[in-house]
There are 2 protein chains.
Amino acid sequence: MLSHKAKYALKALLYLAEQDENHISRTIEIADGANIPKKFLEQILLDLKRGRFVSSKQGKFGGYYLIKSKNDITLAEIHRLFDGAIALLPCASLNFYEPCSDCKTESECSLRQGLMLIRDKTLKAMEGITIASLVNK
Amino acid sequence: MLSHKAKYALKALLYLAEQDENHISRTIEIADGANIPKKFLEQILLDLKRGRFVSSKQGKFGGYYLIKSKNDITLAEIHRLFDGAIALLPCASLNFYEPCSDCKTESECSLRQGLMLIRDKTLKAMEGITIASLVNK
DNA sequence: CTAATTCCTAGTAAATCGATAGAATTAATA
DNA sequence: TATTAATTCTATCGATTTACTAGGAATTAG
């Protein structure tokens with residue numbers, strides 16, 4: 001399941017993607033437009049900025065705008081940024097790999113094999129969902 | 001991600017599936033065999049019993065045994081029993097549906113459409129992973 | 001200088017998670 | 001029938017995470 005943070009991030013990105021190019025959106029504008037608690041959204045936008053999905057202009061008349069093409073922002077990336085691993089267990093994860101402490105020998109962990117299969121399919125599906133693909137609906 | 005409960009449940013089911021037919025496994029035996037905290041495993045086995053995956057015999061020489069074919073126990077079912085929805089948001093879930101409080105009109109929620117697509121693919125993949133398919137490795 | 005905005009750091013209440021404790025219940029068998 | 005070994009049930013605990021909120025510092029346009 002997605003955290004609220006991840007959901008709000010996606011909604012905020014969708015909002016930004018729907019604006020005219022060169023338009024700068026204030027936090028409050030996004031919060032109202034996408035129904036997101038404003039102070040919470042502030043943090044989320046900062047995270048998106050650190051992740052180089054958006055950039056900002058400070059001070060009066062400042063705000064946020066996309067710096068990554070909406071075709072290149074995938075659900076998989078947003079999931080990873082806010083909720084971490086896409087795999088069902090860390091031992092089956094590409095980006096957040098950690099061995100299981102309770103598995104005696106990993107090569108023999110039959111569960112892991114199955115979970116890596118799931119991971120590959122889920123990942124592929126999530127990489128196919130882009131902000132652009134969602135906006136055009 | 002799977003909770004420890006779900007992971008332990010899968011490991012316990014794998015353990016049971018590997019035993020001879022008609023063999024009854026005590027909790028402590030499963031706990032040792034699959035490296036699961038015994039008291040925690042107790043709860044998990046009760047959950048699996050309520051879910052009609054296993055049954056138990058009480059008293060001396062009691063224990064647990066599979067009552068569902070290993071071909072019919074899927075990762076999807078275990079995920080649902082212990083961790084709930086497979087979809088990324090409740091509004092995109094089949095079995096745990098709930099509307100989003102922050103979406104103005106659901107039909108217009110472009111995010112939901114994408115998440116239902118992911119759900120279908122993930123679900124299909126998870127239904128393909130059975131205890132039997134994991135044991136034979 | 002002032003107003004409007006992002007940026008930063010804490011804090012907090014509630015829920016969830018992983019696990020433990022202990023007593024009640026059940027059943028085999030000596 | 002008493003003993004013993006097992007499941008079953010209920011309650012609780014501490015740590016972590018989640019979803020926010022609060023307050024103010026820094027920045028910028030006019």
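Residue numbering restarts at 1 for every chain, and letters A, B, ... go by the order of the sequence lines. FYI, side chains are in, hydrogens and waters are out, and symmetry mates aren't considered; it's all heavy atoms of this structure.
Residues B:Ala92 and B:Leu115 share a closest heavy-atom pair of CB-CB, 3.8 Å. Among all heavy-atom pairs drawn from A:Ser93 and A:Arg119, the shortest one is C-NH1, 4.2 Å. Summarising the geometry of A:Ser55 relative to A:Lys49, their closest heavy-atom pair is CA-CG, 4.4 Å, with the distance given to 0.1 Å.
Taking 4.0 angstrom as the limit, B:Thr27 places a side-chain polar atom (N or O) nearer than this to OP1 or OP2 of D:dT7. For the pair B:Ser56 and D:dT7, the criterion of a side-chain N or O lying under 4.0 Å from OP1 or OP2 is not met. Taking only side-chain nitrogens and oxygens, B:Tyr8 never comes nearer than 4.0 Å to OP1 or OP2 of C:dG18.
For a distance-only test at 3.5 Å, the side chain of B:Lys39 fails to qualify as a donor-acceptor partner of the base of C:dG18. For B:Lys7 against C:dG18, no side-chain N or O and base N or O form a donor-acceptor pair under 3.5 Å.
Computed from coordinates, the A:Leu16 CG to C:dT6 C1' distance equals 14 Å when rounded to whole Å. When rounded to the nearest whole Å, the span between CZ of B:Phe40 and P of D:dC9 equals 18 Å. At whole-Å resolution of the value, NZ in A:Lys57 and C1' in C:dT5 are 10 Å apart. When the P atom of D:dT8 is taken as reference, atom NZ of B:Lys38 falls 12 Å away, rounded to whole Å. The distance between atom CD1 of B:Ile44 and atom P of D:dT8, rounded to the nearest whole Å, is 14 Å. The separation between B:Arg26 atom CZ and D:dA5 atom C1' is 9 Å, rounded to whole Å. Going from atom CG of A:Leu41 over to atom P of D:dA22 covers 16 Å, rounded to whole Å. Rounded to an integer number of Å, the gap from CG of B:Asp47 to P of D:dT7 is 15 Å.
Among the atoms of the strands shown, only primed sugar atoms or phosphate atoms (P, OP1, OP2) are found under 4.0 Å from some heavy atom of B:Lys49. When heavy atoms are screened at a 4.0 angstrom cut-off, B:Phe82 is found touching no nucleic acid atom at all.
Take the nearest nucleotide of DNA chain C for A:Gln58 and for A:Gln43: the residue whose nucleotide is more 5' is A:Gln58.
For A:His4, the side-chain atoms get nearest to D:dC20 when compared with the rest of D:dC20, D:dC9, D:dT8. Between D:dT8, D:dG23, D:dT28, one nucleotide has an atom nearer to the side chain of B:Leu46 than all others, and that is D:dT8.
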Under-3.5 Å N/O pairs linking protein and nucleotides 2-4 of chain D:
none

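The existence of a salt bridge linking B:Lys39 and B:Glu42 is confirmed by a sub-4.0 Å separation between a basic side-chain nitrogen and an acidic carboxylate oxygen. For the pair B:Asp32 and B:Lys38, the salt-bridge criterion is not met [side-chain N within less than 4.0 Å of a carboxylate O]. Note on A:Arg52 versus A:Glu77: no salt bridge recorded, every NZ/NE/NH1/NH2 to OD/OE distance being 4.0 Å or above. Using a cut-off of 4.0 Å between Lys/Arg side-chain N and Asp/Glu carboxylate O, B:Lys5 and B:Asp83 are scored as not salt-bridged.
For DNA chain D, the neighbouring residues in residues 61-70 of chain B, judged by any heavy atom under 4.0 Å, are B:Gly62, B:Gly63, B:Tyr64.
To the nearest 0.5 angstrom, B:Ile86 atom CD1 is 11.0 Å from A:Met1 atom CE.
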Show me the side-chain donor-acceptor pairs of residues 13-27 of chain A shorter than 3.5 Å, one per line, residues at least two apart or across chains.
unit_1	atom_1	unit_2	atom_2	d
A:Tyr15	OH	A:Glu29	OE2	3.1
A:Gln19	NE2	A:Tyr15	O	2.8
A:His23	NE2	A:Glu29	OE2	2.9

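Side-chain N or O atoms of A:Arg112 include one that pairs as donor or acceptor with a backbone N or O of A:Cys91 at under 3.5 Å.
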